[in-house]
Amino acid sequence: MDTVLSGIRPTGNLHLGNYLGAVQNFVTMQYNEKCFFFIADYHSLTTHPNPKDLHKNVRQVLVEYLAAGLDPEVSTIYIQSDLPELCELYLLLNMSAYLGELERTSSFKEKARKHSENINAGLLTYPVLMAADILIHNADKVPVGKDQEQHLEMTRKFARRFNNIYGVEYFKEPVAYNFGKELIKIPGLDGSGKMGKSEGNGIFLIDDEATIRKKVMKAVTDSGPTEPDSEMPESIKNLFTIMEIVSSPDTVTYFKEKYTTCEIRYGDLKKQLAEDIIKVIKPVHERIKEIDSDDDYLKRVASQGAEKAHESGIKTINNVREIIGIKKFY
Ligand code: TYM
């Protein structure tokens, strides 16, 4: 049985990209593998969120995780800050993470460029904390979207380096996982980039049917192809990328042919796309309200998750301490 671990930052409601990239298909895995799903609240602190928002967002991700079908009876669902051993592993891994490689990380360079007023050490060592998240349970597989690929590569590097320094084969080298398929990147509806929580280009699990239809109908398109077999602009490619994941292959082929022969009507494509997105989101959407109103259940899930995560974390940290030579005198 493999150990699988997946995490999401609590920075807002979950969108279609989070759901398809890191949750949906993995719901079925929890019955065959040892799964950990956690809420990365420490990771979200690099932008100094308002404390009330932070707590509300952690709760919301917990609700949406459960609404998506994660089962706390078989999986370990926990909040990152409920696992104290993680901070120790983060500190220990920092001793063999080098400034140059951290500075060269794409996510660091991008965030430093966008927020030049707040380039903090937490941002720099973000990949080390992420490696600690994964290695604290010695995970084999990590379900993530394409944007996290480099972080997984760094995790493998840190694991390998630790093993080399101490002459052990302790940490496994985890892989970014999507059932043997390419990792996915769900684009936004604004014609560029990926779907994000704060980009204003997303469809969220809390969106009702009318909202989803409205958002999809407003997605950026162009004036349509004028010559057969002409190159698709980014905005249209993006709609097809989403369609390839949420719609049937026949639907995709139908609209692609219409595009190639210049007969496509974007209104029809969007209508179909909206209905197919609704089909994916609706079962989750319907459960959100019910779970959201059950405080006792959420408390129980969080405390049970904390306990199970701790059980796994303490084992790892005790082994790591021994490997490193940290021994008690009493
Ligand atoms: P975060 O919170 O930005 O995103 C959570 C998960 O959703 C995936 N994702 C997407 N997948 C496809 N298309 C998109 N448009 C899209 N947007 C987001 C992300 O790839 C991710 O899998 N650093 C992580 C959180 C984290 C983590 C970890 C993940 C912390 N520690 C350990 C895995 C393992 C992050 O910021 O994800």
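Indexing begins at 1, ligand by ligand and atom by atom, following the structure's order.
Between the side chains of Asp208 and Thr211, at least one donor N or O sits under 3.5 Å from an acceptor N or O.
In this structure, ligand 1 sits under 4.0 Å from heavy atoms belonging to Leu5, Gly7, Ile8, Arg9, His15, Gly17, Asn18, Gly21, Ala22, Phe38, Ala40, His43, Tyr126, Met130, Asp133, Ile134, Val142, Val144, Gly145, Asp147, Gln148, Ile184, Lys185, Ile186, Lys194, Met195, Lys197.
Among residue pairs with one or both ends in residues 296-330, none qualify as ring pair (Phe, Tyr, Trp, His ring centres under 6.0 Å); sequence neighbours excluded.
Sparse packing is recorded around OH of Tyr254, with 12 or fewer heavy atoms of other residues, nucleotides or ligands lying under 6.0 Å away.
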Under the side-chain hydrogen bond (donor to acceptor under 3.5 Å, both in side chains) criterion, do Tyr42 and Asp133 qualify, and how do the steps go? CA-CA 11 Å; Tyr42 284 149; Asp133 288 326; over 6 Å; no
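In this structure Tyr266 satisfies the ring pair (Phe, Tyr, Trp, His ring centres under 6.0 Å) test with no other residue, sequence neighbours excluded. For Arg9, there are no salt bridge (Lys or Arg N to Asp or Glu O under 4.0 Å) partners at least two apart in sequence or on another chain.
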